[in-house]
Amino acid sequence: MAEEKKLKLSNTVLPSESMKVVAESMGIAQIQEETCQLLTDEVSYRIKEIAQDALKFMHMGKRQKLTTSDIDYALKLKNVEPLYGFHAQEFIPFRFASGGGRELYFYEEKEVDLSDIINTPLPRVPLDVCLKAHWLSIEGCQPAIPENPPPAPKEQQKAEATEPLKSAKPGQEEDGPLKGKGQGATPADGKGKEKKAPPLLEGASLRLKPRSIHELSVEQQLYYKEITEACVGSCEAKRAEALQSIATDPGLYQMLPRFSTFISEGVRVNVVQNNLALLIYLMRMVKALMDNPTLYLEKYVHELIPAVMTCIVSRQLCLRPDVDNHWALRDFAARLVAQICKHFSTTTNNIQSRITKTFTKSWVDEKTPWTTRYGSIAGLAELGHDVIKTLILPRLQQEGERIRSVLDGPVLSNIDRIGADHVQSLLLKHCAPVLAKLHPPPDNQDAYRAEFGSLGPLLCSHVVKARAQAALQAQQVNRTTLTITQPRPTLTLSQAPQSGPRTPGLLKVPGSIALPVQTLVSARAAAPPQPSPPPTKFIVMSSSSASSTQQVLSLSTSAPGSGSTTTSPVTTTVPSVQPIVKLVSTASTAPPSTAPSGPGSVQKYIVVSLPPTGDGKGGPPSHPSPVPPSSSSPSPLGGSALCGGKQEAGDSPPAPGTPKANGSQPPGPGSPQPAP
Amino acid sequence: VGSVAVEDQPDVSAVLSAYNQQGDPTMYEEYYSGLKHFIECSLDCHRAELSQLFYPLFVHMYLELVYNQHENEAKSFFEKFHGDQECYYQDDLRVLSSLTKKEHMKGNETMLDFRTSKFVLRISRDSYQLLKRHLQEKQNNQIWNIVQEHLYIDIFDGMPRSKQQIDAMVGSLAGEAKREANKSKVFFGLLKEPEIEVPLDDEDEEGENEEGKPKKKKPKKDSIGSKSKKQDPNAPPQNRIPLPELKDSDKLDKIMNMKETTKRVRLGPDCLPSICFYTFLNAYQGLTAVDVTDDSSLIAGGFADSTVRVWSVTPKKLRTVKQAADLSLIDKESDDVLERIMDEKTASELKILYGHSGPVYGASFSPDRNYLLSSSEDGTVRLWSLQTFTCLVGYKGHNYPVWDTQFSPYGYYFVSGGHDRVARLWATDHYQPLRIFAGHLADVNCTRFHPNSNYVATGSADRTVRLWDVLNGNCVRIFTGHKGPIHSLTFSPNGRFLATGATDGRVLLWDIGHGLMVGELKGHTDTVCSLRFSRDGEILASGSMDNTVRLWDAIKAFEDLETDDFTTATGHINLPENSQELLLGTYMTKSTPVVHLHFTRRNLVLAAGAYSPQ
């Protein structure tokens, strides 16, 4: 006992200045230092005495917090009149003030206007005390009902998963104020762990790894059935609710193994059957489970990772690979894997390095089909800039050759062509921002070609766009924040390199910018499908409140042959920063049938300047989040439950069967590659 | 006025003046560290025993310095040595640290107690000789004087105790209990069940017999007969304490109880009870006491807003008796007269009792469910009628907050304990207490009747548990070993054992007959507010401020007791470290401290507490 930690006891006393201040407030101007000291000692002692008595009342009142009434009763014990007027239930809002070398805490008493009090409506009557019964335990088992705490708090789940032996160390329960410690322990679990003898000698009586018993109550079984059915069923509203429940419900711990098996088995079966929709639903479940703050998935990662990986790199995920948008699923799953890595990768389980190895291996393999290739690259790219830098950039040249050979060469297979096209855009999308950071401007096409081979020129232009986007973003942010109602100067954009490299990572799109995009995009849906979009295109739009008409300014780009004008009168495109890029890709809902065959377009980027207030198209500039417009076709991934408020809209891939406008365009005759 | 405590202690000035004889104040540190050096260098077997001296010596030397107004010396003495003291004296040291002036000592109850009562130490003869020789050699009169005047050293022959043995027993405000304090005989057995039951039961069975079930009669009668006829050798004489006569309604209740008993679940490590939790919602941190009737039909809650609320948890609503005018109209001969006197219009699930003028810290139903007791901060205990839901009596006697009150298991008597450091025994028809149990050095936090109604146990903030004889008001047991104020007490149903819970989160088990600590249950992380044995004593349930209910294997805890003569004679105990083996289950509530626990007659656990959102 003696070695337990000892509190530092010291005889703290009030500063004697306090006595002076109090004396002054009572009208005693001159008070001797000695008197102050005596008063201080006495007052400190009395205050402590009262505090100790007040603690007694707190204990007897079965509370953890000392209240003002406890002090009152303690004063009453001493036959001192209680302090009137202090009736704060929770805490007393002392204010601090300093000045003239003095520090002061005081109780702020505001002057209250009585007429205000009379005129305010009466507050709601507080609810009366009532009694509610529930089962805390049924024959030794605690039922998982809302009245009981979640069966295992996350810390405990983590402790069990990562340090099964440490979770019940001798003395820990006693010393630590760990509340959840041992609370889920069934009788058998609790036994024999406090022994001081080395555990291994105990033999059979000791369980090395305490296992939670995952027996589900009838209610839980019903819940599980409902949830899983809703998650893979046809009703989108129900699914959204179910996913919401998975992402927020605190009591799912016991069902985790079942969910995990459901997902992994589901993926196994549906990959074979090429059921894209179901795979997407299952991935959304994984996402929801990951988002649940009360769950610790570590124990089930071994089941989840293979399932998610399958959805990234599988050769075929849908019945019509040329039409269905399985790319979106791969992107989404790749982000999931990246999230898993971020959460659970440690030096002991090496999840990230193992995943990286898997991706690299399948990418390097010559015989890997384009779909798997795409998935591997996407998976790697999502792992972060460092991975892109070390693993993707060195292979750009090689990959570029391969893409060129498919795109330029004789048409062997339409599917291959689509795949190569996607891989190319994927590489450009992910590499450009990294290169923009790595390479100092100016961006020279030849230099890029020399370094990256056939992808060089495209990369170069993308990097330029990335920089421009960064710059524009910066400007936009400034403009929105500073002069929101001012007529804006027309924004022009030149292809010339920006004055300095700006890091796009630092930029944030203000929420208000998002809205116009939405409006614009819906307007765009009605616009005629764009004819063979050029590889790069900038459309800069700005508006002035004075005219209240929108000026559209289109800039032709460096790429020859891309002289076509704006696709829609309202889009402004500027090189990329991701959020905006994604908005476009989700938003463009051009049906594949109407999509004209043209050369594989590169990414399209849209940046929209904020319309001035009062602009008919604008709407309130404080629109909350850049949610993609609801498309007519049901999107299994599009629920807001999936991409929470903070998530970029791009997190949700488009609906299966609704291909991206730029992705599904079949390659037209002729060379799509512009020669720089 | 703060001098009330002083009035309680007429010899205060005499006690304090004992400090007048002083040595050189600057030498105190030297004396103390000299002794410290000596003890630390002594043999291992003596060191643990002699280390017990540190704390009382430290306190007395510090108080002497303060009394003789050597403030700076006192301060530096405290700074230098307070870190050496055992951590369970933390609270007292905190009080001590604020005591820096002679004037402070007058009103300080804790320190007055320390002065008036001798601190008790148990030391083996060998260790004591060693100490004595050292002090005499060193001519260390200062310390020797303190040892002589302020300490009571209980010397025993035989092996010195180990550190572990000592740690288990120390921790109270005034040291350990003297050995002879726990020597007197305690009749801990149960009283013989009243004879009335057998004929009543026969009647009951005769009814059954008429229906043609003669077989059942014999075994049932035997089981009951054997139970009631066997006189427990440890039981007190039947009429040691005059008990109220059984009324017809009591007999009916006994029969009900017996019927329920046959349906009782046999509990054990493999058959844990279900726990039904009654949560008080919207209590706004105001729930201060709970009680449940023996038949589990009513729940009473005491609140910080001075109200007592009574709920019916069965479909039977609470009704009051009709007005006198209406009552006179009722035919008193009719069979359902008890039904007729009730006013149907007043039926409700909840009745609120107004009367107290401060938080209600204790509540207790009478065994016949006709009365409810409540004790409050306002210094009174009130008796409420559950027929009219009005206050019948206000018992005044404690002038300070009354922390707890409880009815005797046979009704009529009740006990209360409060801030005035005494427990009082009352009878419902006397407005003055029948007995005053004085002896605790700090607040009496909880009071419980022994199942045979001949004894009362009290738990106190001085970290001791005392057992008092109702007959003569003597203290017959002093149990030390808790390291914090005691907040819960319960007797085992067979009357042999006592379980106590304190703010240190530990539950200690005591053998009343031998006056020994027999077990320690560690696990809770905060104050244990409620303790209860199952009806047959197999399971001990504990509820705590740490928002858990824990179930312990009581049979196992008591089964391998070493009650050999040596242990009994010396009081040296060796506690097994088996809390984890005894813990059968931990059930976490949703931020609801467990204020009360109750086993129904069928061994279902009822727990109660107020939900307090963080």
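Worth knowing before you read on, the calculation uses all heavy atoms, side chains too, and leaves out hydrogens, waters and symmetry mates. Chain identifiers are assigned alphabetically (A, B, ...) following the order of the sequence lines, protein sequences preceding nucleic acid strands; residue numbering begins at 1 within each chain.
Residue contact with chain A, scored on non-hydrogen atoms closer than 4.5 Å, involves the backbone and the side chain of W403(B) alike. The part of L287(B) that comes within reach of chain A is its backbone (N, CA, C, O), which places non-hydrogen atoms under 4.5 angstrom from that chain. Heavy atoms closer than 4.5 Å to chain A are found nowhere in D91(B), neither backbone nor side chain. With a 4.5 angstrom heavy-atom cutoff, C529(B) touches chain A only via side-chain atoms. Only the side chain of D526(B) comes within less than 4.5 Å of a heavy atom of chain A; its backbone N, CA, C and O stay farther away. The contact between L604(B) and chain A is made entirely by side chain atoms (from C-beta outward), counting heavy-atom distances below 4.5 Å. At a 4.5 Å heavy-atom cutoff, the contact between H104(B) and chain A is made by backbone and side-chain atoms alike. For a residue to count as touching a neighbouring chain, one of its non-hydrogen atoms must lie under 4.5 Å from one of that chain's; by this rule P359(B) touches chain A with backbone and side chain alike. Contact of V313(B) with chain A is made through the side chain alone, with heavy-atom distances under 4.5 Å.
Taking K56(A), E49(A), R46(A) one by one and counting their heavy-atom pairs under 4.5 Å with chain B, the maximum is reached by K56(A). Chosen from I138(A), D128(A), L127(A), the residue pairing most often with chain B at heavy-atom distances under 4.5 Å is L127(A).
Applying the salt bridge (charged side-chain N to carboxylate O under 4.0 Å, His left out) rule to pairs touching residues 274-284 of chain B yields nothing, sequence neighbours excluded. Each side-chain hydrogen bond (donor to acceptor under 3.5 Å, both in side chains) pair with one or both residues in residues 131-140 of chain A, not counting sequence neighbours, appears once here: K132(A)-E147(A), H134(A)-N148(A).
With rounding to the nearest 0.5 angstrom, the CG atom of D443(B) is 11.5 Å from the NE2 atom of H59(A). Going from atom CG of D41(A) over to atom OG of S98(B) covers 11.0 Å, rounded to the nearest 0.5 Å. Separation of atoms OG (S544(B)) and NZ (K62(A)) is listed at 12.0 Å; rounding is to 0.5 Å. How far CD of E103(B) is from OH of Y45(A): 10.5 Å, rounded to the nearest 0.5 Å. Atom OG of S612(B) is separated from atom CZ of R63(A) by 10.5 Å, given to the nearest 0.5 angstrom. Atoms CG and CD, on L131(A) and E349(B) in that order, are 9.0 Å from each other to the nearest 0.5 Å.
In plain terms, the two heavy atoms of L136(A) and T589(B) that are nearest each other are CD1-CG2, 3.8 Å. Of all heavy-atom pairs spanning G358(B) and Y73(A), the tightest one is CA-OH, 4.4 Å.
At least one donor-acceptor pair closer than 3.5 Å links the side chain of Q142(A) to the backbone N or O of M588(B). Counting only distance, with no hydrogens or angles, the side chain of Y361(B) and the backbone of G61(A) share no donor-acceptor pair below 3.5 Å.
By the 4.0 Å N-to-carboxylate-O rule, D378(B) lies too far from K76(A) to be salt-bridged with it. The existence of a salt bridge linking K101(B) and E42(A) is excluded, since no basic side-chain nitrogen approaches an acidic carboxylate oxygen closer than 4.0 Å.
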| message | Under the criterion side-chain contact (heavy atoms from CB on, under 4.5 Å), I'd like the reasoning laid out for W311(B) against V129(A): C-alpha separation, chi angles, the key distance, then a yes or no. | response | CA-CA 11 Å; W311(B) 279 269; V129(A) 187; 4.0 Å; yes
| Derivation of the side-chain contact (heavy atoms from CB on, under 4.5 Å) call for E377(B) and M60(A) | CA-CA 10 Å; E377(B) 186 271 340; M60(A) 297 313 293; over 6 Å; no
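K48(A) is not listed as a side-chain neighbour of R94(B), based on a closest heavy-atom distance of 4.5 Å or more. With a 4.5 Å cut-off on side-chain heavy atoms, C130(A) and L350(B) do not count as touching.
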